[in-house]
Amino acid sequence: MALDYLSLLNPSQAAAVLQTEGPCMIIAGAGSGKTRVLTYRIANLLEKGVDPFNILALTFTNKAAKEMRARVEKVVGPAARSLWMGTFHSVFAKILRSEADKIGYPRSFTIYDTQDSKTLIGQIVKELELDDKLYKPSLVLGRISAAKNKLISVNQYLSDAAIKADDEAALRPKIGVLYQQYQQRCFKAGAMDFDDLLFNTNVLFKEHTDVLNKYQNMFRFVMVDEYQDTNYSQYLITRKLAAKERNICVVGDDAQSIYAFRGADITNILNFEKDYPELQVFKLEQNYRSTKNIVWAANSVIKNNQAQLRKDVYSENEEGTLIEVLKAASDNEEGKLVANSIYEDKMNGHLSYDNFAILYRTNAQSRAMEEALRKLNIRYKIVGGLSFYQRKEIKDLVAYLRLTVNQNDEQALRRVINYPKRGIGDTTISKLITTADEHNHSLWEVVANADQFMPARVANPVVGFAEKIKSYLVVAAKEDAFEAAKFIAKNSGMLEELYADKSIEGLSRYENIQELLNGIKEYVDDPEREDKSLGAFLQDIALVTDSDVKDAQQDGEAVTLMTIHSAKGLEFRNVYIVGLEENLFPSQMMITSRADLEEERRLFYVAITRAEKKLTLSYATSRYQWGNLRSCEKSRFLDEIDPQYVNFKFAAGPGAGESPFQHVFERRSNLIPTAPRKTAATKYVAPADFTPSDTSQLRSGQRVEHAKFGFGVVSQLETQQGTTKATILFEEVGEKVLLLSFAKLRVH
Ligand SMILES: Nc1ncnc2c1ncn2[C@@H]1O[C@H](COP(=O)(O)OP(=O)(O)OP(=O)(O)O)[C@@H](O)[C@H]1O
Ligand SMILES: [Mg+2]
């Protein structure tokens with residue numbers, strides 16, 4: 001035995017690890033070692049001689065899977081590499097890659113991301129001439145997604161009286177029709193969205209018992225982490241797979257269920273008991289992660305929830321420091337307080353920036369934090385948010401790659417048919433789309449044969465485009481993903497177009513493309529990679545969660561910034577939970593019922609329990625929202641923590657609201673040599689995700705933000721020969737006259 005792992009477990013944990021046959025469930029508190037038990041359980045099975053191909057372990061993020069695999073490898077060696085381990089989506093996408101043809105999809109199906117789905121829905125709404133305010137793509141997609149997660153097919157949706165009544169009551173009677181159209185279009189395009197990956201796996205297993213049998217025999221041992229967050233569709237897949245051998249082990253914590261809004265269903269835990277009467281249940285109550293104070297505080301919060309299985313979580317670790325609360329006058333000041341506190345703790349405790357995490361409710365809150373960290377020259381990485389693969393130029397090139405692998409991919413085709421510009425106008429594109437619809441052809445078929453029904457002048461560039469894509473197909477068939485992508489980037493004209501743009505933004509777009517090519521190179525150079533094709537690479541990136549992308553990009557020690565949702569299962573020495581204000585956390589949008597409030601509270605519980613040694617909470621008394629400064633009230637959650645575990649010392653006293661650290665902060669900024677001395681406290685720093693707005697409707701008097709000059713107000717607009725010049729009075733640099741077409745402004 002490479003490692004005596006049983007000595008690293010308490011008796012209940014060890015019992016759960018040794019119980020390898022039959023169904024078992026561990027529903028236990030945060031930090032009690034559930035994930036550790038799963039890991040060692042797998043190691044134990046392998047040591048008992050079980051073939052790694054017979055073990056399926058489902059985790060919540062790709063990152064968690066990677067970590068689990070690494071830990072198993074430490075115990076059992078390279079056998080760990082052959083385990084089936086990953087998120088539901090990645091594992092079943094892989095299975096569909098070899099079985100999709102049985103349910104009518106190509107094996108090389110495309111995976112539509114959320115943005116693709118929304119764009120497609122937007123197009124259908126337009127074509128059906130529906131009100132796009134009523135039928136917002138995100139809302140429609142939400143309804144479709146909820147239906148799919150409950151395994152409600154288009155036909156069931158259209159014929160279900162209760163659903164119909166619901167949609168009619170919401171004045172949105174056409175959702176069923178949109179679902180139908182959307183599904184048809186995806187199918188025709190050979191594409192599946194994220195929910196389809198699970199929905200279609202269910203269809204596959206239902207309609208093809210031979211296939212189900214094959215996987216039942218293969219996955220003799222099934223394990224699921226974070227079971228409380230599975231939805232019905234996922235529940236059914238695991239139930240079907242485990243039906244034969246009944247060796248299924250699930251671990252989770254009902255108090256950490258935070259995905260009800262996406263269809264996660266706590267009744268899956270209750271169903272589990274019904275499905276397997278012979279179930280073995282293990283209890284883990286000792287938290288090994290956090291100090292006593294943190295565990296006590298977390299318990300005092302969660303006990304306000306009515307809907308929960310009673311658990312007694314305790315810690316044998318040191319009592320630790322009290323939980324600190326920081327009160328700031330504004331969101332910017334909140335950022336400063338947090339950045340300063342991180343700096344001090346790192347210096348005083350000789351810690352690494354990796355020990356720190358800042359958690360927030362919404363992605364937008366990262367801006368103030370980023371600004372403050374940058375001013376103190378503290379490295380950070382953002383997990384989630386606008387990821388690399390969300391950037392326009394990356395999506396453009398990826399669209400070319402997708403189209404090369406699957407010509408029916410309509411979203412990809414539309415994205416690049418006239419990019420870079422090749423003389424195919426909007427009217428021509430509309431004509432192509434209507435022709436495809438009228439004749440029930442895919443858009444690609446129409447594009448490739450445009451010369452048959454369009455005058456040569458119009459058809460030539462369209463056919464030329466199709467010829468280009470066909471030539472990429474040939475290259476992709478004989479070259480690896482890197483060579484193919486490089487060829488496509490050049491031949492499509494994208495590289496040239498981006499290279500010609502010498503602005504800072506243009507340069508960074510060009511660099512991003514290079515970065516993508518670097519990434520593909522790294523992918524094909526991996527000695528363990530068997531399939532180096534473009535198709536394999538695309539599948540890989542379609543499934544990387546944002547967190548994984550950032551992970552791969554950043555190295556060196558850095559503070560982690562992320563939403564609480566993406567922090568699930570993770571742990572950090574020092575944790576900051578920021579923005580503890582009413583309407584932000586708990587979120588105004590999410591709380592319309594007691595159940596919603598309880599979900600927000602569970603989210604707070606998840607956040608608190610990420611901390612090992614020190615927890616800091618912060619809030620601001622005013623904050624910009626939609627361009628207006630609003631005053632804020634502190635979150636009710638702060639009052640729910642038993643006050644004996646909290647140190648409110650910064651919130652009271654004269655001058656409350658001003659930063660108690662202000663002087664410290666200023667002094668610090670000056671101490672750090674790399675921070676520019678004079679301007680450290682005031683100089684504008686553009687946020688990392690600076691995305692310019694559409695300025696076609698810009699009016700004078702409007703407040704704008706420029707990546708270099710900061711905030712300002714438009715004082716004059718002047719249009720001559722189609723070129724508009726804007727005179728803007730900037731707060732920091734004074735008046736500037738800018739050409740609107742180049743200016744890259746964000747309108748507030
Ligand atoms: N018996 C043990 N002895 C020492 N450390 C332990 C033991 N069990 C777990 N730990 C440590 O406690 C921490 C929490 O464990 P783990 O992440 O497995 O908990 P979890 O129940 O999965 O938490 P969460 O609910 O947040 O997912 C980890 O750092 C783990 O290594
Ligand atoms: Mg865990």
Side-chain angles (χ1 to χ4, degrees), residues 3-18 24-44 57-72 74-75 85 87 223-230 249-259 264 266 269 281-292 294-295 298-299 301-302 308-309 311-318 320 354-355 357 359 547 562 564-575 577 602-613 615:
L3 182 71
D4 177 17
Y5 52 86
L6 286 180
S7 69
L8 302 170
L9 299 168
N10 69 29
S12 336
Q13 291 175 329
V17 164
L18 295 174
C24 92
M25 176 163 85
I26 306 167
I27 298 298
S32 59
K34 298 181 295 294
T35 304
R36 182 185 266 223
V37 165
L38 272 195
T39 309
Y40 291 143
R41 216 169 171 274
I42 296 169
N44 182 39
L58 296 162
T59 60
F60 207 76
T61 58
N62 292 318
K63 185 175 170 177
K66 222 157 81 188
E67 273 179 24
M68 200 182 272
R69 196 187 294 274
R71 285 206 227 163
V72 176
K74 261 199 194 143
V75 186
M85 202 179 257
T87 61
M223 271 160 264
V224 188
D225 198 2
E226 309 278 3
Y227 187 68
Q228 77 279 357
D229 281 324
T230 48
C249 171
V250 301
V251 313
D253 178 3
D254 59 303
Q256 294 185 69
S257 151
I258 53 175
Y259 279 95
I266 203 79
I269 294 180
V281 179
F282 295 91
K283 241 176 135 180
L284 307 177
E285 293 188 323
Q286 180 171 356
N287 174 309
Y288 288 91
R289 177 179 295 145
S290 315
T291 62
K292 286 194 177 71
I294 292 169
V295 171
N299 286 346
V301 168
I302 201 68
Q308 59 157 334
L309 311 171
K311 272 187 292 316
D312 224 358
V313 185
Y314 68 93
S315 164
E316 291 282 320
N317 297 338
E318 56 178 343
D354 288 336
N355 293 134
L359 309 181
S547 18
M562 62 180 146
I564 303 168
H565 278 101
S566 26
K568 217 157 83 101
L570 306 181
E571 55 194 18
F572 298 89
R573 189 186 190 283
N574 291 17
V575 168
I577 310 172
R602 289 193 294 270
L603 196 56
F604 187 43
Y605 178 78
V606 168
I608 296 175
T609 54
R610 298 310 96 202
E612 293 167 11
K613 299 268 190 215
L615 176 66

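Positions are given from 1, in the same order as the sequence printed here. We count ligands from 1, going down the list as the structure has it; atoms in each ligand are counted the same way. What you see below is based on every heavy atom in this structure, not just the backbone, and it leaves out hydrogens, waters and symmetry mates.
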Asks: Tell me which protein heavy atom sits closest to atom 8 (N) of ligand 1, plus the residue, atom name and distance to 0.1 Å.
Replies: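 Sorting protein heavy atoms by distance from atom 8 (N) of ligand 1 puts Gln13 NE2, 3.1 Å first.
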Asks: Which heavy atom in Ala611 sits nearest to a heavy atom in Ser290, and how many Å separate them?
Replies: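 So the minimum-distance heavy-atom pair works out to O-OG, 2.7 Å.
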Asks: Using every non-hydrogen atom in the two residues, find where Cys249 and Leu38 come nearest and quote the distance to one decimal.
Replies: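 Heavy atoms of Cys249 and Leu38 come nearest at SG-CD2, 4.1 Å.
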Asks: Can you name the closest pair of heavy atoms from Gly33 and Leu284 and give their distance?
Replies: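 What the structure gives for the nearest pair is C-CD1, 4.3 Å.
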Asks: For atom 11 (C) of ligand 1, find the nearest protein heavy atom and state the residue, atom name and distance (0.1 Å precision).
Replies: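 Residue, atom and distance for the closest contact: Tyr288 CB, 3.8 Å.
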Asks: Identify, by atom number and element, the atoms of ligand 1 in contact range of Arg610, meaning under 4.0 Å from any of its heavy atoms.
Replies: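 That gives atoms 26 (O) of ligand 1.
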Asks: Please find the pair of heavy atoms, one from Glu612 and one from Ile294, that lie closest to each other, and give the distance.
Replies: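 Closest approach of Glu612 to Ile294, heavy atoms only: O-CD1, 3.7 Å.
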Asks: For Gly569, counting its heavy atoms only, list the atoms of ligand 1 lying under 4.0 Å from any of them.
Replies: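 Those atoms are 27 (O).
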Asks: If you measure from each non-hydrogen atom of Lys568 to ligand 1, which part falls under 4.0 Å: side chain, backbone, both or neither?
Replies: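 The answer is neither.
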Asks: For Lys568, which of Asp229, Thr61, Asp225 qualifies under side chain to side chain donor-acceptor pair (under 3.5 Å)?
Replies: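 Per the side chain to side chain donor-acceptor pair (under 3.5 Å) rule, the option paired with Lys568 is Asp229, out of Asp229, Thr61, Asp225.
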Asks: Could you list the atoms of ligand 1 found under 4.0 angstrom from a heavy atom of Gly33?
Replies: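 Per the distance check, 9 (C), 15 (O), 16 (P), 18 (O), 19 (O), 20 (P), 21 (O).
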Asks: Identify, by atom number and element, the atoms of ligand 1 in contact range of Glu571, meaning under 4.0 Å from any of its heavy atoms.
Replies: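 Reading through ligand 1 atom by atom, the close ones are 13 (C), 14 (C), 28 (C), 29 (O).
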Asks: I'd like to know whether NZ of Lys613 has more than 12 heavy-atom contacts from other residues, nucleotides or ligands below 6.0 angstrom.
Replies: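 No, because the 6.0 Å sphere around NZ of Lys613 holds 12 heavy atoms or fewer from other groups.
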Asks: Quick one: which ligand 1 atoms are inside 4.0 Å of a heavy atom on Gly29?
Replies: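 Atoms satisfying the 4.0 Å criterion: 21 (O).
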Asks: Give a yes/no verdict on whether any heavy atom in Leu9 is under 4.0 Å from an atom of ligand 1.
Replies: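 Per 4.0 Å heavy-atom rule, Leu9 contacts ligand 1.
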Asks: What are the two closest non-hydrogen atoms of Ala607 and Ile564, and how far apart are they?
Replies: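 Looking at all heavy atoms of both residues, the shortest contact is CB-CG2, 3.7 Å.
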Asks: Would you check if the side chain of Arg610 reaches a backbone N or O of Phe572 as a donor-acceptor pair within less than 3.5 Å?
Replies: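 No, the answer is negative, given that no donor and acceptor are paired below the 3.5 Å cut-off.
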Asks: Under a 3.5 Å distance rule, please check whether Asn299 uses its side chain to pair with a backbone N or O of Asp312 as donor and acceptor.
Replies: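 Judged by distance alone, no pair lies under 3.5 Å.
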Asks: Only heavy atoms of Lys34, strictly under 4.0 Å: list the atoms of ligand 1 that pass.
Replies: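 Close to Lys34: 18 (O), 19 (O), 20 (P), 21 (O), 22 (O), 23 (O), 24 (P), 25 (O).
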Asks: Backbone or side chain, does any N or O of Gly31 fall under 3.5 Å from an N or O of ligand 1?
Replies: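 For ligand 1, there is an N or O atom that lies under 3.5 Å from one belonging to Gly31.
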Asks: Check Val606 against Thr609 and note the closest heavy-atom contact, atom names and distance.
Replies: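 Minimum heavy-atom separation between Val606 and Thr609: O-OG1, 3.0 Å.
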Asks: Applying a heavy-atom cut-off of 4.0 Å, say which part of Asn287 lies close to ligand 1: side chain, backbone, both or neither.
Replies: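 Looking at Asn287 and ligand 1, no heavy atom falls under 4.0 Å.
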Asks: Does Gln286 come within less than 4.0 Å of ligand 1, judged by its heavy atoms?
Replies: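 It does not, in that no heavy atom of Gln286 comes within the 4.0 Å cut-off of ligand 1.
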Asks: Which residue and non-hydrogen atom of the protein lie closest to atom 17 (O) of ligand 1, and at what distance in Å?
Replies: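 Answer, as residue, atom name and distance: Arg289 NH2, 3.1 Å.
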Asks: Could you find the nearest protein heavy atom to atom 31 (O) of ligand 1 and give me its residue, atom name and distance?
Replies: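 Protein heavy atom with the smallest distance to atom 31 (O) of ligand 1: Arg36 NH2, 3.0 Å.
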Asks: Which part of Asn10 is near ligand 1, with near meaning a heavy atom under 4.0 Å away: side chain, backbone, both or neither?
Replies: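 Answer for Asn10: backbone.
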Asks: I need the nearest protein heavy-atom contact for atom 22 (O) of ligand 1: residue, atom name and distance, please.
Replies: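 Nearest neighbour among protein heavy atoms for atom 22 (O) of ligand 1, to 0.1 Å: Thr35 OG1, 2.7 Å.
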Asks: Check Glu226 with Lys34, please: is the shortest side-chain N to carboxylate O separation under 4.0 Å?
Replies: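 Glu226 and Lys34: not salt-bridged.
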